[in-house]
Amino acid sequence: MAETVHPAEQAAHGEHHEEGWVKKYLFSTDHKIIAMQYLFTGMAMGLIGAFFAYVFRMQLAFPGMEVPFFGVVSANEYNSLITNHGAIMIFWVAMPVLIAAFGNFLIPLMIGADDMVFPRINRLSYQIFFISALVLLASFFVEGGGFGGAWTAYPPLSANAAYSLTPMGATLWLVAVALEFVAFLLGGINFVTTLMNSRTKGMGIYDIPMVLWMIIIASILFMASVGPLIAGAVMLFMDQQVGTHFYDPTRGGDPLLWQHLFWFFGHPEVYVVLLPAMGIVADIMPVFARKKLFAYRTILWTAIGTGVLSFTVWAHHQFIAGIDPRMAHVFTITTLLISIPIAEMCFVYIATLYGGSIRLNTPMLWALAFVAEFLIGGVTGIFLGASGADIYFHDTYFVLAHFHYTFFPIAIIGTYAGVTFWFPKMFGRMMNDTLGKIHFWGTIIPFNLIFIPLFVLGAAGQHRRIYDFTNYPMLAEPWMQDLRVLATVSLVVMLAFQLVFFYNVIVSLVRGEKAGKNPWKSNTLEWTTESPPPHGNFGDQYPTVYRPPYEYSHPDREEDYWPQNLPN
Amino acid sequence: MRGRLAALVLVAGTLAPRSSHACAVCFSGADGARVAFLLTTALLTVLPLALLGGFAWWLRRRMRELDSDAREDVPVETPQSR
Amino acid sequence: MIETWVEAVSTYARDVDNLILLIGVLVGFWFILCEAVFFGFIIKFRHRPGQKAQYVTGEEKSQKRWISIPHLLVLVCDVFIIVGAVQVWYTIKQNLPEAEQTVRVVGQQWAWTFVHPGKDGKLDTADDIALVDELHVQANTTYHYLLESRDVLHNFSVPVFRLKQDAVPGRTITGWFNAQKTGQWDVQCAEICGIGHGIMGARIFVESPDEHAAFIASHSQAAPVAVATASGR
Amino acid sequence: MAQRDLRLVHDAASEPGPILPSSVLGTLIFVLTEIMLFAGLISAFMIVRGGTVEWPPPGQPRLPVEATALNTAALLASGLLIWMAGRAYRGDRAQAGGPFAAGLALGAFFVVFQGFEWARLLAQGLTLTSSTHGSFFYLIVGTHALHAIVALGILVWAFQLHSRRELRPSTFTAARTFWYFVVGVWPVLYLRVYL
């Protein structure tokens, strides 16, 4: 490492081995521990988000029933459940797991560094994140219940307690989201700085594994887009608690202002979570296809292009809601243009498989499923980006199914791909492949059975965020109710199969086969150290990089892989 | 072709100031809000790209500079930098 | 496609349906092609003992062609979709044909108030007919709607018309529709507006000229009271 | 070797030091977010103002344009002095102390002067809730003042390190970078909010 050693780092490394449990696991500055903290917190929040989904899906399939483990769902609770399901899954599951957990774990290991550049800021980032999760959980138990104005929180509904009837819930929700942003801001600064300044000897910019590029581009996107939303959130907070009227049309404010600021962040946010998942897939596929990643530079430039375009498409969320209809044309064009880089990435992944020697281990199954399922999410997006068609589809279940076909592959499939792939490195033991495959099929099949019916319901005009469809004669037809029941039953089945995963994790942690340094015969640097890596990652000697990360099945070599750190 | 002609007409229609109706941002007679929405949309879109682009450009230039410095200092020892 | 589930009642409903069909065909083609190639590769290039994978960098022009050509074709498809989308959008949202009738649509937590012009055919006169959650329009007539909200955002959505527009408090938004069939259908609120969002449905009655005249006649007495509530703001 | 071609000619990591020290790079990234935050605030202000016919709203006091122009000059001068301190620091470190202290003093003057202006405006009836005019004024200028105070705190800390001869160049550059941001964003706010 060419970088000067910081006092903070020295302090962190001086503490070797002598720390108590609390210090080691709760107040550690080690990037691996922080990654685990993010991973487990994210997964715990994921369970809460999944439970919410279960409750409101039960209500939709069997309106008015007493939902087991919850009770009867009131309209108020329903709104709160859907709002927080969305917010939790995006802000407290997808982001912490995909960006913070994998970013923290992989960045120093893959670039051959001992830790992040600012380890204490890293720890602070997690602590703020943890507090934000607590604040969010607290918001369900205050008077009036949790916030129920949808995760988009459009004012005046969100700004005025007289409309939302959740005086404290709305504010706590907003505070939690703002804290979460601060946490990721601190994390993002760390990621970018570390990647730029801490690369080991010989690692040029085209030797960086794709997953790191994706996490970095995502972090930059996040940091460049979150400012206006923080501004908007401060204004919303003041409207709620101080008595200003930024969003109140009767007092000189403007409710559309929020949409303007929110979606400026809201759309790049989609790519903020998409890119890391894309990167995880890009790193797993070559390993199990024993094949060089097709057109590394093309993918990199495509990802950068996606990032650039993502700043130009955001108003397509407002086609129906509140923009000048003339501007809709511009945003239709930009939105359809962004299909180009995304399509290109999918093409590249398919091309990577060509001529490979594909092994269908659990991580590879997840990676392949990501591409197959994400394609559905991608193509259905075209219907919504085209302004004329969006008039019909806006805020229907078609939209809902569309973004679940993007977010589920991202947040759930991407996470499972990453966890099953790096589990040996994280904990030093292999996961059980058979259990992994049972879990895989038990997740993927029900997943499709949840959301394909919802596509049909959306196309049949079913709107979102309605807690009981019997109030609408056109939506109360028996065949529609049957589809709702199918979706709900599939969800319950899918959730039940997640137990297999947790069982697998626990059993593998205790009894799993020892992994060794490099069980997958992979090229990147994290596989050159012990599993799990010791404090400081690489011992006394940092690795030197001699080649790009995806040299599999090179004709000059007998082995079908060629680690980055081997001189020849 | 009809489609292409229509598209042309519509691009013109996009810019024409009077042809808009289902317009949420044109209100209270004042055109100011609509213009402000347009301007700030452009501002928010361009600003991060300009900042990041500028930074990337500066970084690249700086890298080139450092590189040529290195070449002048130790021309023999770094054969791969030509 | 959409007509299988939801009738097409307004003049522009078919345009929307056709656009959706166009997009469906284009993206459907790409989707099936991609998935077919994808699964084809997975099956064809399964691991066989002793067989090494090929070494393809993907950096050479001849290899990149395999992605850059499909890529260009996708772009061509995008152009068709854009042209279609822009046309439909223009028809529904930007273009405003002359009105034969005008109704006022007011959203509030959690009901719709529809103000129909009375016998004189004009809004904001003494004989206006204001009804809660019932909109009566005459078939084959071009209507303008004036969309307002009294509190939070609502969305005036008539699926059979393929019409959807947010109501924003403090503003009046104008749009149009022209119904082609008589019958009655749902009006929904498509923007979350608080606890009662799920019950904020209304009905739209598209009537023949005779039926509509009868409707106006039968409601003419109640008018003065209704006006007071409707033009409260 | 073939894979050599995959790299840029310049290889940042194998050079003696990074192009930008980590603390400076981190600050720059943070400043990017901050710029976007202010862009968001300014956008909001422009939109709300654009929707009104008369600005400031009737019955609201007008902002002290001239006095603040003077204050703006003080802040800009402070930025200049800190820049000079930075230049001096690269040469003779002892010479940096003078402009550094003067820059700090002018920065503090700016914040205190703003405080007095606020007190006067509050007395004249411009409060956070009196109108969107007041709300935006205190929100935007207050956010800036908050940044100015934090940045001053960092500079004071850097000054203490400097007088103990413990200030590292990269730390100083990072602290200055943040101050330049605070100084640089102010004229934009002044032009948009006051004029």
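Contact annotation for C:F39: only side-chain heavy atoms (C-beta onward) come within less than 4.5 Å of a heavy atom of chain A. The contact between A:L165 and chain C is made entirely by side chain atoms (from C-beta outward), counting heavy-atom distances below 4.5 Å. Residue contact with chain A, scored on non-hydrogen atoms closer than 4.5 Å, involves the backbone and the side chain of C:Q63 alike. With a 4.5 angstrom heavy-atom cutoff, C:I23 touches chain A via backbone and side-chain atoms both. For a residue to count as touching a neighbouring chain, one of its non-hydrogen atoms must lie under 4.5 Å from one of that chain's; by this rule A:L360 touches chain C with the side chain only. Within the 4.5 angstrom heavy-atom criterion, only backbone atoms of C:V187 (N, CA, C, O) approach chain A. Only the backbone of A:Y552 comes within less than 4.5 Å of a heavy atom of chain C; no side-chain atom from C-beta onward does. Interface residue C:V56: backbone and side-chain heavy atoms are both found under 4.5 Å from chain A. Only the backbone of C:Q51 comes within less than 4.5 Å of a heavy atom in chain A; its side chain stays farther off. With a threshold of 4.5 angstrom between heavy atoms, C:C193 approaches chain A through N, CA, C or O but not through any side-chain atom. Proximity to chain C is absent for every atom of A:A159, based on heavy atoms less than 4.5 angstrom apart. Only the side chain of C:W30 comes within less than 4.5 Å of a heavy atom of chain A; its backbone N, CA, C and O stay farther away.
Between C:V160 and A:M474, the closest side-chain pair of non-hydrogen atoms falls below 4.5 Å. Side-chain contact check for A:P473 versus C:D186: some heavy-atom pair is nearer than 4.5 Å. Taking the side chain as every heavy atom from C-beta outward, A:L368 and C:F38 approach each other to under 4.5 Å. Side-chain contact between C:Q165 and A:I391 is absent, with no heavy atoms from C-beta onward closer than 4.5 Å. Residues A:T298 and C:K64 have side chains in contact (heavy-atom distance under 4.5 Å, counting atoms from C-beta outward). Taking the side chain as every heavy atom from C-beta outward, C:L163 and A:Y392 never approach each other to under 4.5 Å.
Ring geometry for A:H329 versus C:W89: interplanar angle over 60°, hence perpendicular rather than tilted (30 to 60°). Relative ring orientation between A:Y354 and C:F45 is described as perpendicular, the plane-to-plane angle rising above 60° on a 0-90° scale split at 30° and 60°.
Without hydrogens or angle criteria, C:K164 side chain to A:H394 main chain gives a donor-acceptor distance under 3.5 Å. Within the 3.5 Å criterion, the main-chain N or O of A:Y296 finds a donor-acceptor partner in the side chain of C:E59. Judged purely by atom type and a 3.5 angstrom limit, C:W5 has no side-chain atom pairing as donor or acceptor with the backbone of A:L457. The backbone N or O of C:G194 lies less than 3.5 Å from a partner atom in the side chain of A:N79, making a donor-acceptor pair.
Defined by atom type and a distance below 3.5 Å, a donor-acceptor pair is present between the side-chain atoms of A:E551 and C:Y55. Counting only N and O atoms by type, the side chains of C:K52 and A:H554 include no donor and acceptor under 3.5 Å apart.
We find that A:D254 and C:R171 are joined by a salt bridge, their nearest charged nitrogen and carboxylate oxygen being less than 4.0 Å apart.
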Let me see the working for C:I2 and A:F393 under side chain to side chain contact (heavy atoms under 4.5 Å, CB included), right down to the final yes or no.
CA-CA 10 Å; C:I2 300 302; A:F393 285 129; 4.1 Å; yes
